[in-house]
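Worksheet for the structure shown next.
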Amino acid sequence: MEAPRLLGTIFRRLIRDSGPMSLSQFMGESNARYYAAKNPLGSAGDFVTAPEISQMFGELIGLWLADIRARAGRGGSVHYVELGPGRGTLTRDALRAARHHGLDPQVHFVETSRALKAIQAEAVPAAQWHDDLSTVPMDAPMLLVANEFFDALPVRQLVRAAQGWRERLVGLDEDRFTFVAGGQPMEAAVPAAWREAPEGTIIETNPGAAAMMHEIAGRLANQGGAALIVDYGHAEMQSGSTLQAVRAHRKISPFAAPGEADLTAHVDFATLADIARSRGVRVSGITTQGDFLRAMGIQMRTERLAAGAPHCKAELEAQRDRLIADDQMGRLFKVMGLSAPDWPDGAGFGPPG
Ligand code: SAH
């Protein structure tokens, strides 16, 4: 069989034939290729996510879901939906904890990677798989979780050039990918607050993330339920490029190896929250992962696990610190809670107690 062509080779030919390409196409096709074939998660892969660091992460999310569902006063069936569930670890830990509190939902995974689906099927055999949200049933409330999903969706970058706003496209300098400004005026794609920004300003927008949030919010409003979105990003819209590529736990240039490294961008939580509100959905808050997990009782959970396995105490505490310390994942990662208009706010977003 012929080896699949390197994506970089395909992109170069495309650019030579038809001119510079949109960054969102570059990023979207790179990640589709990247995730299709391999399991990038874990110490042998390219990056490690919170559920792979400690079972406590998924357990406290399971508790959050069981708590909001109980306070909503809903019995009956409910759909647990996870976007991009990776190895299925978060779901497994969350549902084990949730079942202790009377929540035993049907499981739906939105996943496009064939390699990861196979791993998920071993972790959560009862799950049903979907290519996107559209086929998830609407006959019961939805409890949706997404951890490090939105950061993988392709961003578009816009730059304020001398003549006005232009899209930042990927072009070629000899054989090397390089950013070039497009020729079309892009003012209409720039949020009003940024239109007059100084020359050189770069902003990112994420039409795919916006569309996904629009659909999640519409479902929460129609079928009831709640959602918890966790990712690195910012609570206020910011300027500057946050595009990055990670391979084998190291940052590399986003142009170095398309299709072979994980391309991500920071999630703009403020914009996602505005979209949710525009459909009548309640935003419980946007907080840091550290504050959220502390409010959900990670300290007590660490002590409880350590009491049951004293020889693991130091390891458990190190895992906890990786999740919540300011200089680790605690501050960069944000958590946003959403709930249906007639559901209560989620726990964990109050002022620090
Ligand atoms: N949530 C997991 C995995 C994060 S990695 C964890 O925390 O460990 C990103 C996940 O999103 C992978 O499962 C990847 O295959 C999936 N993914 C990326 N882009 C996607 C898309 N457009 N549609 C569906 N799944 C996608």
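Ligands are counted one by one from 1 in listed order, and the atoms in each one are counted from 1 as well.
Annotation: atom 24 (C) of ligand 1 to nearest protein heavy atom, T112 OG1, 3.4 Å. Looking from atom 22 (N) of ligand 1 to the surrounding protein, the closest heavy atom is L153 CD2, 3.8 Å. Among protein heavy atoms, atom 6 (C) of ligand 1 sits closest to T49 OG1, 3.3 Å. Scanning the protein for heavy atoms near atom 9 (C) of ligand 1, the closest one is E148 O, 3.4 Å.
Residue N147 touches ligand 1 through backbone and side chain together, judged by heavy-atom distances below 4.0 Å. Heavy atoms of P51 found under 4.0 angstrom from ligand 1 belong exclusively to the side chain.
Evaluated by nearest non-hydrogen atom to atom 20 (C) of ligand 1, the leading choice among F149, F47, F150 is F149. The heavy atom nearest to atom 3 (C) of ligand 1, out of those in S113, P154, G84, is found in G84.
Under a 4.0 Å criterion applied to the non-hydrogen atoms of G86, ligand 1 contributes the atoms 2 (C), 3 (C), 13 (O).
The stretch residues 118-133 participates, sequence neighbours left out, in these side-chain hydrogen bond (donor to acceptor under 3.5 Å, both in side chains) pairs: H108-H130, E111-Q120, Q120-W129, H130-T135, D132-S134. Residue pairs meeting the salt bridge (Lys or Arg N to Asp or Glu O under 4.0 Å) criterion with at least one partner in residues 176-194, sequence neighbours excluded, are absent.
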Derivation and outcome, ring pair (Phe, Tyr, Trp, His ring centres under 6.0 Å), residues F333 and F292: CA-CA 10 Å; F333 279 75; F292 177 77; over 10 Å; no
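Taking the six-membered ring where tryptophan is involved, the planes of Y35 and F47 are perpendicular, since the angle between them exceeds 60° and thus also 30°. Between F177 and F11, the ring planes are perpendicular. Angles over 60° get that label, and only those under 30° would be called parallel. Using cut-offs of 30° and 60° on the angle between ring planes, the pair H234 and H266 is tilted.
Under a 4.0 Å heavy-atom criterion, L90 is not in contact with ligand 1.
No path of Ile, Leu, Val, Met, Phe, Trp and Tyr side chains, each step under 4.5 Å between heavy atoms, connects W343 with M142, placing them in separate hydrophobic clusters.
Side-chain polar atoms of S113 and Y34 form no donor-acceptor pair below 3.5 angstrom.
Not one N or O of Y35 is nearer than 3.5 Å to an N or O of ligand 1, by distance alone. Considering backbone and side-chain atoms together, E111 places an N or O closer than 3.5 Å to an N or O of ligand 1.
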